[in-house]
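Scroll down for the structure; my scribbles are underneath it.
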Amino acid sequence: MYEEKRENLKRIYDEIACNDRGEKITLLGATKFVPVEAINAAIDAGLEIIGENHAQEFRDKYSSYLPVEKHFIGTLQLNKIKYVVGKADVIDSVSSETLAAAINERAEKLGIVQSVMLEINGGDEESKTGIPLSQAKGLYNAIIALKNLKLTGVMAMLPVSDDQGLLADAAQKVRAFYDEIRAQTPTVKTLSEGMSGDYKIAIKNGSNQIRIGTAIFGRRY
C-alpha cells in the first residue's frame, strides 16, 4: 500500500510543479470513503493536505489521521457544523451566506477564528454545489464581514465537458474573480480548482491547488 501511494504521489507531483503564472501548486488528497489506513499511507508517502466530503465521516476518522492539514470539501449541512468547525483547518465549501453565518456563530462559541474558502460553481450547473460566479462577490462581502471567519481562498468545480475551450474559459473567469478578491484580502492565497479528470487544464488556467482522489487512492465505491 505504501509503495503504491508513493508512486502515485510522485507521478502527480512531477506533473504539477507550477501553474501558468509560475505559482507553486499544492495537492489536496480527496479522501471520501477512503479508509484511514490508506490515507495514512499516503501521508507517510508525502501527502500534506487531505479533504473529506462528509461531516460524520470526518468526525469518525478525525482522531486517527497522522499529522496533516485537514480540509472539509463537501456540502456542509447546518446540523453537522459541530462536527467540522474547530477541527477542520479549512472549510473549503462555503457557498451561502446562511452557512457562513452559522459557521461564524459556532466559531464564536468556541472562541476561535475558522479559516474558510468560498465555493463557486464554475459551470453554473444545477447538479453541482457552489454559488454561481455572478453572485460570488456578494458572498465574499458577507464572509469578510464576519469576525470569526478568515477567508483563505476559493474552491471551484469546472463543468463536465470535453470542450477544452469551454473548460479553459470557465477556469479563467474563476481566476479573474480570485485575483479581484485577492487584491482586496491578503489572506486569500488559494484557488482550489481541478480534480482527477480535469486538473491539467485547471493548472494551465490559474489554479494553484488541485483536489485528487482517484489518481491517488484508486476508484472508490
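Residue indices begin at 1 and follow the sequence shown. These numbers come from a predicted model, not from an experiment.
Looking at heavy atoms from C-beta onward, Leu66 lies in side-chain contact with Asp44 at the 4.5 angstrom threshold. Contact annotation: the side chain of His54 approaches that of Lys32 to within less than 4.5 Å [non-hydrogen atoms, C-beta and beyond]. Here the side chains of Lys204 and Leu167 are not in contact, with every heavy-atom distance at 4.5 Å or above. Between Ile12 and Leu27 the shortest side-chain heavy-atom distance falls below 4.5 Å.
Under the 30°/60° scheme for interplanar angles, the aromatic rings of Phe58 and Phe72 are found to stand perpendicular.
The line from CG of Asp92 to OG1 of Thr190 is 8.5 Å long, rounded to the nearest 0.5 Å. Interatomic distance, CD1 of Ile16 versus CD1 of Ile210, reported as 4.0 Å (0.5 Å rounding). Note that the CD atom of Glu119 and the CG atom of Leu76 stand 11.0 Å from one another [nearest 0.5 Å]. Ile91 CD1 to Arg106 CZ: the interatomic distance, rounded to the nearest 0.5 Å, is 11.0 Å. Atoms CG and CD, on Leu110 and Glu105 in that order, are 11.0 Å from each other to the nearest 0.5 Å. Once rounded to the nearest 0.5 Å, the distance linking OG1 of Thr31 with CZ of Arg211 reads 12.5 Å.
Criterion: ILVMFWY side-chain heavy atoms under 4.5 Å apart, direct or through other members. Under it, Ile103 and Val113 are not part of a common hydrophobic cluster. Residues Ile43 and Ile216 fall within the same hydrophobic cluster, defined by Ile, Leu, Val, Met, Phe, Trp and Tyr side chains chained together at heavy-atom separations under 4.5 Å. Under the 4.5 Å side-chain heavy-atom criterion for grouping Ile, Leu, Val, Met, Phe, Trp and Tyr, Leu99 is connected to Ile144 within one hydrophobic cluster. Clustering ILVMFWY residues whenever any of their side-chain heavy atoms sit less than 4.5 angstrom apart, transitively, puts Tyr62 in a cluster other than the one holding Ile49. Under the 4.5 Å side-chain contact rule for hydrophobic residues, Val116 and Ile131 share a cluster.
Heavy atoms from other residues, nucleotides or ligands lying under 6.0 Å from NZ of Lys173 number 12 at most.
For the pair Gln209 (side chain) and Glu193 (backbone), a donor-acceptor distance under 3.5 Å is absent. Side-chain N or O atoms of Asn19 include one that pairs as donor or acceptor with a backbone N or O of Ser207 at under 3.5 Å. Under the 3.5 Å distance criterion, the side-chain polar atoms of Asn148 are matched with a main-chain donor or acceptor of Ile112. With Asp89 contributing its side chain and His71 its backbone, the two residues share no donor-acceptor pair below 3.5 Å. For Ser196 (side chain) and Ile212 (main-chain N/O), no donor-acceptor pair under 3.5 Å exists by modelled atom type. Formation of a donor-acceptor pair under 3.5 Å by the Tyr178 side chain with backbone atoms of Lys189 is found in this model. Side chain of Thr187 to main chain of Leu151: a donor-acceptor pair is present (N/O by atom type, distance under 3.5 Å, no hydrogens or angles). Looking at Ser161, its side chain does come within 3.5 Å of a backbone N or O of Asp163 through a donor-acceptor pair. With hydrogens and angles disregarded, no donor-acceptor distance shorter than 3.5 Å links the side chain of Asn40 to the backbone of Pro35.
A salt bridge links Lys61 and Glu52; the closest N-O separation between the charged side-chain nitrogens and carboxylate oxygens is under 4.0 Å. In this structure, Arg182 pairs ionically with Glu23, as a charged nitrogen and a carboxylate oxygen lie closer than 4.0 Å. Salt-bridge formation is detected for the pair Lys147/Glu108: a Lys NZ or Arg NE/NH1/NH2 atom is positioned less than 4.0 Å from an Asp or Glu carboxylate oxygen.
Take Gln172 and apply the side-chain contact (heavy atoms from CB on, under 4.5 Å) test, not counting sequence neighbours, and it matches Ala168, Asn205.
A side chain to side chain donor-acceptor pair (under 3.5 Å) with Tyr83 is found for exactly one of Gln77, Gln56, Arg59, namely Arg59.
Contact between Ile39 and Ile50 at its shortest, heavy atoms only, is CG2-CG2, 4.1 Å. Across all their heavy atoms, Leu149 and Ala100 have their closest contact at CD1-O, 3.5 Å. When all heavy atoms of Ala202 and Leu158 are compared, the pair lying nearest together is CB-CD1, 4.3 Å. Across all their heavy atoms, Val68 and Lys70 have their closest contact at O-NZ, 3.2 Å. Of all heavy-atom pairs spanning Ile73 and Gly51, the tightest one is CD1-O, 3.8 Å. Considering every non-hydrogen atom in both Leu9 and Gly46, the closest pair reads CD1-N, 4.2 Å.
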Are Val154 and Ile120 close enough, and set up right, to give a side chain to side chain contact (heavy atoms under 4.5 Å, CB included), and what steps lead you there?
CA-CA 7 Å; Val154 172; Ile120 291 174; 3.8 Å; yes

For side chain to side chain contact (heavy atoms under 4.5 Å, CB included), just list the numbers for Met117 and Ser192, CA-CA rounded to whole Å, side-chain angles, deciding distance to a tenth of an Å, and then say yes or no.
CA-CA 9 Å; Met117 293 171 64; Ser192 177; 3.8 Å; yes

For residues 136-143, tabulate all N or O donor-acceptor pairs below 3.5 Å that involve a side-chain atom, not counting sequence neighbours.
residue : atom : partner : partner atom : Å
Lys137  : NZ   : Glu180  : OE2          : 2.9
Tyr140  : OH   : Thr185  : OG1          : 2.5
Asn141  : ND2  : Lys137  : O            : 3.3

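For Lys150 and Gln114, the side-chain atoms include no donor-acceptor pair closer than 3.5 Å.
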